[in-house]
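Notes follow the structure.
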Amino acid sequence: MAKAISQYFKRIFEDYQVLVMVNPGDWTGIELIVHPDGKIEKTEIEADEEIFDDLKEDEFQPCSPLEFQLLLSKA
């Protein structure tokens, strides 16, 4: 069985941004919240098959895996 490829999303709010990585194979992922002072909060998430619809409804846009991984390395 092939390994699922994670998908990455981002939304910029007025004073912070949120990036989300979702593994569609098991619906797990990571949420990063980047604060204006540079602090990064990391939260592991468990989702369901509706996560992509939820992200679209919340106006998240696809983003670069590289951007996510760079921020994750600082979390």
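Position 1 is the first residue of the sequence; numbering continues from there.
Evaluation of the side chain to side chain donor-acceptor pair (under 3.5 Å) test over residues 61-75, restricted to residues two or more places apart or in two chains, returns Y8-Q69, K10-E67. Residue pairs meeting the side chain to side chain donor-acceptor pair (under 3.5 Å) criterion with at least one partner in residues 36-56, sequence neighbours excluded, are H35-E41.
Within the hydrophobic cluster formed by Ile, Leu, Val, Met, Phe, Trp and Tyr side chains joined at under 4.5 Å, directly or through other members, L70 is accompanied by L66.
Across all their heavy atoms, P36 and D15 have their closest contact at CG-O, 2.6 Å. Minimum interatomic distance between V22 and P24 (heavy atoms only, all atoms of both residues): O-CD, 3.3 Å. Across every non-hydrogen atom of G25 and A4, the tightest pair is N-CB, 3.5 Å. When all heavy atoms of I40 and A75 are compared, the pair lying nearest together is CG2-CB, 3.8 Å. When all heavy atoms of I45 and I30 are compared, the pair lying nearest together is CG1-N, 3.8 Å.
Between the side chain of R11 and the main chain of Q17, no donor-acceptor pair closer than 3.5 Å is present.
Contacts of Y16 classified as ring-ring contact (aromatic ring centres under 6.0 Å, His included), with partners at least two apart in sequence or in another chain: F13. With sequence neighbours excluded, no residue forms a ring-ring contact (aromatic ring centres under 6.0 Å, His included) with F60. Judged as a salt bridge (charged side-chain N to carboxylate O under 4.0 Å, His left out), and not counting sequence neighbours, E31 has no contacts.
Counting only heavy atoms from C-beta outward, the side chains of C63 and L19 approach each other to under 4.5 Å.
Under a hydrophobic-cluster definition in which Ile, Leu, Val, Met, Phe, Trp and Tyr are linked whenever side-chain heavy atoms come within less than 4.5 Å, directly or via other members, L72 and V20 are assigned to different clusters.
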